[in-house]
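Following: one structure in structure tokens, then a few remarks.
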Amino acid sequence: MNTAIYGLLFVVLAPLFGGLLAGVDRRVSARMQSRIGPPLLQPFYDVGKLLQKKTRQVNPVAGPLLLGHVIFMAATGALLLGGTDLIFVAFVFALAALFLVLAAGSANSPYSFTGAERELIVLLASEPFFILMMAGVCKVSGVSTFGDVLAYPQWVAPQLPGILIAFLIVATIKLRKSPFDISTSHHPHQELVSGLTTDMSGRLLAYVEVAHWYESAILCAFMVLLFNRSWPIGLVAFGVAYALEVLVDNSTSRAKWQLVLRSTWAATLVLCGGNVLALFVIGR
Amino acid sequence: MANPLTLPMVRRSLRNLVARPATRKYPYEIRPSFGGARGKIEFDVTTCNYCMLCMRRCPAEAIRVSREDRIWSIEHLRCIACNVCVEVCSKKSLSMSNQPRKPQTPADGVDGQRPGHEEWHLAAPDTTGAPCPDAETPAAKA
Amino acid sequence: MKRTVIPFGPQHPVLPEPIVLDLILEDERVVDAVPTIGYIHRGLEMMVERVEYTEMGFVVERICGICSFMHGMGYCLSLETIMNVEVPDRAKWLRLIWAEISRIQSHLLWLGLGADAFGFENLFMHCWRMREEILDIFEKTTGGRVIHSVNRIGGVKRDVSDAELAAILVRLEELGKAFKKTASVFATDPSIAHRLVGVGVLSPEDALSTASVGPMARASGLATDTRLGGANLYDQIDFQPVVETAGDCLARVAVRLREVEQSIGIIRQAIDKMPKGEGLPLENRPRGNPAGEAFTRLEQPRGEVVYYVKANGTKYLERFRARTPTFANIPAMIQLVKGCELADVPNIILTIDPCISCTER
Amino acid sequence: MDRTTFLARIEEYHMGGWRLALINATSAMSTEEQPGGSFDVVWAFVKDNAFEYLREEIVPGDEVPSISASFPAAFLYENEIRELFGINVTGLNVDLGGQLYKTAKKIPFSPSAIRARLEANAAAGIASASPTPPAGPHGAAHAASSPAPTSAPTAGKTA
């Protein structure tokens with residue numbers, strides 16, 4: 001009962017959190033490039049403007065698919081906070097991302113299609129990590145829901161150092177930051193125009209944007225999960241991780257997809273796999 | 001050679017974070033023009049003798065002069081501010097201001113005039129050359 | 001294997017100018033590239049029929065916004081050759097200085113665009129911020145930021161005082177110091193190396209057979225630099241062409257990085273050697289109409305440009321032709337794009353420093 | 001034009017390590033000998049700082065051999081003179097089929113097209129070059145001043 005309210009709260013508050021985070025991100029990025037940057041609330045203005053614009057759909061399927069993308073992103077967070085099994089949450093998270101790939105693939109444009117292919121690659125690169133992360137958390141705490149992990153009396157994070165480091169690498173993909181922003185780009189000059197969002201406009205692009213806000217909030221919740229005993233510490237840890245992402249985003253060029261796939265899989269396999277394996281070996 | 005662990009831009013990014021940004025808050029903060037900048041052609045109708053030299057030499061065909069109708073006009077959107085008309089004008093009626101034109105939208109055109117179009121008439125031979133009240137002149141704008 | 005055709009252009013953010021390359025892909029590998037240019041062919045060469053030779057220079061300047069000074073200068077040099085005009089010394093030196101400032105400006109602009117193409121937004125901002133300072137120098141000395149209109153047949157229109165020149169040199173040297181730091185990012189950043197090293201390698205033989213010019217040829221080990229001919233006072237300047245041998249995208253970046261510093265050095269020598277004083281003659285205005293023909297070659301930031309002017313004794317030229325460096329580098333670009341990966345296409349196209357407006361006069 | 005000697009001279013440049021710098025055409029108005037006008041075509045080469053060129057007078061309809069066998073990069077110039085001047089270049093390595101420039105008017109620089117434009121300008125009272133330029137040493141009669149293809153290339157120029 002209580003947990004359902006948390007889920008509902010997430011659906012309402014996560015976009016505010018994600019949008020504000022995007023606003024801070026844009027200010028900080030601008031300052032790193034010695035620019036002033038847009039107002040803090042610019043992401044909200046942008047989405048507001050997008051919603052007012054006329055929407056052109058290349059393929060009528062794209063609309064429902066993108067709506068599905070937003071709904072499943074929101075659902076991922078709601079289920080997580082609502083007390084569903086963590087492994088199940090990781091699968092819903094992947095499903096939500098898959099809707100975006102399908103929507104982009106449905107547009108009959110080469111840029112969009114190649115972007116969708118690349119998104120599929122980064123999805124392949126990042127999904128094993130989330131499953132391993134959930135497995136690691138469940139293994140350490142012995143429980144399998146968000147609320148139970150938070151109620152677990154010991155810190156989870158110290159036993160998952162490999163997963164913490166891998167989190168930083170995979171978050172670069174999920175937050176669409178350079179060097180791993182191969183499927184879309186927050187910065188428009190790239191080989192795929194805007195990758196998988198090339199053929200989305202108006203309302204549809206607003207959906208993608210809002211879904212991304214949910215995505216940031218979910219990643220934040222995952223961080224809180226790792227720092228289970230105190231959510232303020234989890235928030236601070238997420239803030240530090242995000243700041244690092246922004247710094248790396250402004251200090252590297254975009255990598256090619258082979259490097260993305262290789263480095264994320266290597267990180268997942270060595271750091272996460274090693275971490276989880278060690279838990280089983282040392283554990284009992 | 002590139003060491004995979006050094007990211008030289010990290011230090012720059014961090015330093016920029018505390019340094020003053022290089023951008024200016026245009027349009028609230030406008031940098032004054034440099035003295036010799038070529039901004040916009042100014043026309044003094046009182047001294048013009050309609051010799052048409054500026055029209056003949058204008059490479060962009062932006063200036064139109066009609067001796068019969070006593071009209072001197074310029075399309076600012078065609079003008080390339082090359083300064084040739086100013087150089088050839090024997091009466092010194094033309095000058096180059098270092099202030100660029102203000103941005104205009106189609107709504108800024110006055111009385112059916114296109115934006116960027118300026119026209120001066122000498123209504124009757126005896127008048128000393130007040131700008132035509134209909135025309136969009138610098139005076140009318142101000 | 002399934003083939004995808006990606007229409008690269010006519011509107012593509014990497015290249016905000018219309019050129020189409022139909023890239024035929026197998027997965028992410030380009031197997032063929034079919035070029036179509038001509039979306040914005042402006043027929044500037046045709047304008048000689050309507051614009052008198054005295055004003056044609058302003059049209060020529062507009063071939064390209066980046067090399068605008070050198071285009072105007074090349075046109076005036078051609079007419080000066082035909083009309084046998086001796087340009088005053090100070091005007092020649094001023095032209096040389098402005099030409100080298102243009103080179104710095106063009107390379108900074110290009111380095112920024114290059115950084116943007118491989119997704120390094122921060123570096124792009126740094127390069128363009130430095131370029132703004134160069135544009136300020138242009139606005140102060142010529143009156144225009146991009147289109148300068150200071151060249152006239154027989155000389156230049158404006159003088160730059162000796163004090164101003166000294167101030168410009170100080171500013172350029174400060175800029176040079178800041179630039180060194182940015183240049184070291186290009187040279188040492190591993191993520192840049194990941195995108196550029198070994199990508200789009202042009203062998204010296206291919207550079208010759210595709211008739212490449214400028215930094216493109218110099219990055220492949222050919223020491224071609226039109227300035228070495230010594231015309232336009234370059235015989236009085238001590239400099240060596242910047243040559244790299246790797247022939248890949250990073251070599252082409254390195255050539256331009258080093259040329260920025262070289263240009264600052266050339267400007268320093270020029271300010272040192274030019275005749276000083278106020279009120280020196282700047283313009284020898286020719287009389288009458290030109291008759292004859294001239295080929296003029298200049299080293300623009302992007303490479304060698306060739307102008308052909310034919311005059312027939314009237315106010316209107318019979319033929320004006322500019323063979324711009326991008327036009328000469330297109331065959332090399334097409335050759336390099338074949339066989340590379342899709343992610344490399346923007347880098348390869350950008351490292352030739354393409355100017356489509358130059359190509360489509 | 002003498003095709004064999006021309007290609008032999010081109011091949012000499014190729015073997016000598018020259019770089020193709022320019023292929024340029026100029027339309028000449030009609031004269032008494034050439035009522036359809038003619039083209040003055042220049043093939044220019046650069047080596048180190050030397051600049052040399054070959055020059056031919058082409059009559060509309062003449063067949064001009066492509067030099068792309070020796071200089072592969074010539075295809076751009078050859079497609080250009082074909083599209084803008086209507087010169088009949090044959091044997092190109094890359095034939096862009098009239099798709100290089102998307103000009104509104106086909107063959108805008110043919111002598112007849114230039115003449116038509118100038119006459120239209122004159123009729124509309126727009127100042128422009130006269131359709132009949134004064135004959136003189138550098139006037140319309142450059143046929144006489146062009147060196148024969150078999151002669152040594154015109155002296156090199158450095159600009």
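Residue numbering restarts at 1 for every chain, and letters A, B, ... go by the order of the sequence lines.
- One distance of note links CG of C/Leu317 with OG1 of D/Thr26; it measures 11.5 Å at 0.5 Å rounding.
- Looking at D/Ile23, only its backbone comes within 4.5 Å of chain C, counting heavy atoms on both sides.
- Here C/Leu228 is the residue among C/Thr210, C/Leu228, C/Ile334 with the most heavy-atom pairs under 4.5 Å with chain D.
- With ring centers used as reference points, C/Tyr307 lies 6.0 Å or more from C/Tyr75.
- One finds the CD atom of C/Glu293 at 12.0 Å from the CZ atom of C/Arg319 (value rounded to the nearest 0.5 Å).
- C/Glu299 and C/Tyr234 form no side-chain donor-acceptor contact under 3.5 Å, judged by distance and modelled atom types alone.
- With a threshold of 4.5 angstrom between heavy atoms, D/Ala25 approaches chain C through N, CA, C or O but not through any side-chain atom.
- Neither the backbone nor the side chain of C/Gln335 comes within contact range of chain D, judged by heavy atoms closer than 4.5 Å.
- Between the side chains of C/Thr324 and C/Thr326, no donor-acceptor pair is found at a separation under 3.5 Å.
- With respect to chain C, the highest number of heavy-atom pairs below 4.5 Å among D/Val42, D/Leu76, D/Asn24 belongs to D/Asn24.
- Residue contact with chain D, scored on non-hydrogen atoms closer than 4.5 Å, is absent for C/Ser78.
- Of the atoms belonging to D/Glu80, it is side-chain heavy atoms, and not backbone ones, that fall under 4.5 Å from chain C.
- D/Phe45 has its ring centre less than 6.0 Å from the ring centre of D/Phe71.
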